[in-house]
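Encoded as structure tokens, the structure appears first; notes follow it.
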Amino acid sequence: MRRRPGIAGLQSAAAARDQYRLVGENVAKIRADLMKEQLATFRSHLEEFARKHKNDIRKNPTFRAQFHEMCAKVGVDPLASNKGVWAELLGIGDFYYELGVQIVDICMATRSHNGGLINLQELCSLLAQKRKTAREAVSEDDCLRAISKLKVLGSGFEVISIGKRKLVRSVPTELNKDHNEILEVAQVQGYVTVEQVQKALSWSSGRATDALETLLKEGLAMIDDGHRDGKRRYWFPCVAPISVAVDLMA
Amino acid sequence: MQKLGDFKLPYFFNYPPYFTLQPVRETREKQIQLWKELILDYCRSQKIFTIALEEDFPLFSNPVIERSLTHEAKEVFLNALVNEGRAEWMDKHHKKCLILWLRIQDWADYIINFVRENGFEDSVMTVEDLRSGIETRGTDLAGIDRGVLVRALKLLEQKGKVAIFKGTSADDEGVKFSV
């Protein structure tokens, strides 16, 4: 634009700026309105969907997981409040709270055996045993969801991944990287020796012993001096085969 | 699941570290608790009254996982039972242990129940009859340790519920119930 001198020039430039701003605001407003409308439609559709498939959501764990996934993608948390429209609609809030309480029960009952670290798979099968009478099936996804709700209690319920496995931690013990690596090695046989740890992770014997002793003190490991070769084995009940903790629950 | 005769073994019996005394206090407490229950359950089901620490005892080794309890471990577990009044050392050196899967008091109650249910009030039986007679067959009294039985009877005598007297043969005693 050719620059025009004087006050008139400045004034017309300011006026143009105002105009642009107005137009911009208008556009933004229209967009926001449209968005709101879309969201409202979406919400009502989602509610309708939930209402329609209520039974599937409650009874079928796979379907439930997919529903959760869909909700998460659009930023809706059906569990956010027990009083919200979702809980009223589905009653799934209660479902997860109930599950949470049962999970706490199991973690407490098996704690003296596994030191407060339990295999997610094992937790699920114990949960299934405990809920024999309940109608709805429970999946690992449900467990994870219930555990995430337990976080608000601040008691340090957490899911950690060790290798391919997921473990549920119910004690405030912080596991450092060394400990996690040992647990990963231990998954293969359920136990490790100092030598195996040294070899698998290329550590010094001091580092391996230190980490193992810590895990022992935390109650996560148990020693076994009974093998023929005389080498001490450190067993980890949290990665042990499923059967070990079963009769501890009885 | 593994079995010893008709006895169902618990799962922990197949987990090797339970055969090594655990150094960490909480873990050891749990371990002792499990073994205590196992020993009592097993002895009850097999009607075993004494365990000799230096002899083979099926519960104290698991050939499947090639683990056995050390002498120290056996003594720790049995000692825990002794402290609870569920077992007694039979000698100073802790080589033999008497397992009371029923306490003496419980045995006394058991005898009274047996007497009432079978109409032996005011009858006379010998101690041997109680242990191996046809009357007690199929009850827990069959095959009971003689020492345990006599102690239970003595307890009942103190309460005036039985009278014990020397029989005609020197090696047996008679019991008259007066429930």
Subject >> Donor on one side chain, acceptor on other, B:E29 and B:Q33, under 3.5 Å >> reply: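 No pair is found: no donor N or O on one side chain lies under 3.5 Å from an acceptor on the other.
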Original post:
Between B:Y42 and B:E37, is any side-chain donor less than 3.5 angstrom from a side-chain acceptor?
Top reply: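 On atom types as modelled, these side chains do not qualify, holding no pair under 3.5 Å.
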Original post:
Strictly under 6.0 Å, is that where the ring centroids of B:F19 and B:F60 end up?
Top reply: no
**OP:** Report the option among B:S68, B:P23, B:P17 that has the most heavy-atom pairs separated by less than 4.5 Å from atoms of chain A.
**Re:**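 Heavy-atom pair counts peak at B:P17.
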Original post:
Relative to the ring of B:Y15, is the ring of A:W235 parallel (under 30°), tilted (30 to 60°) or perpendicular (over 60°)?
Top reply: perpendicular
Original post:
Given that the side chain runs from C-beta out, which part of B:L21 has a heavy atom under 4.5 Å from chain A: side chain, backbone, both or neither?
Top reply: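 Just its backbone gets close to chain A.
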Original post:
Taking every heavy-atom pair that is under 4.5 Å apart, which of A:I223, A:D225, A:L216 has the most such pairs with chain B?
Top reply: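 Option with the top pair count is A:I223.
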**OP:** For chain B, find which of A:R228, A:E218, A:H227, A:R233 contributes the most heavy-atom pairs closer than 4.5 angstrom.
**Re:** A:H227
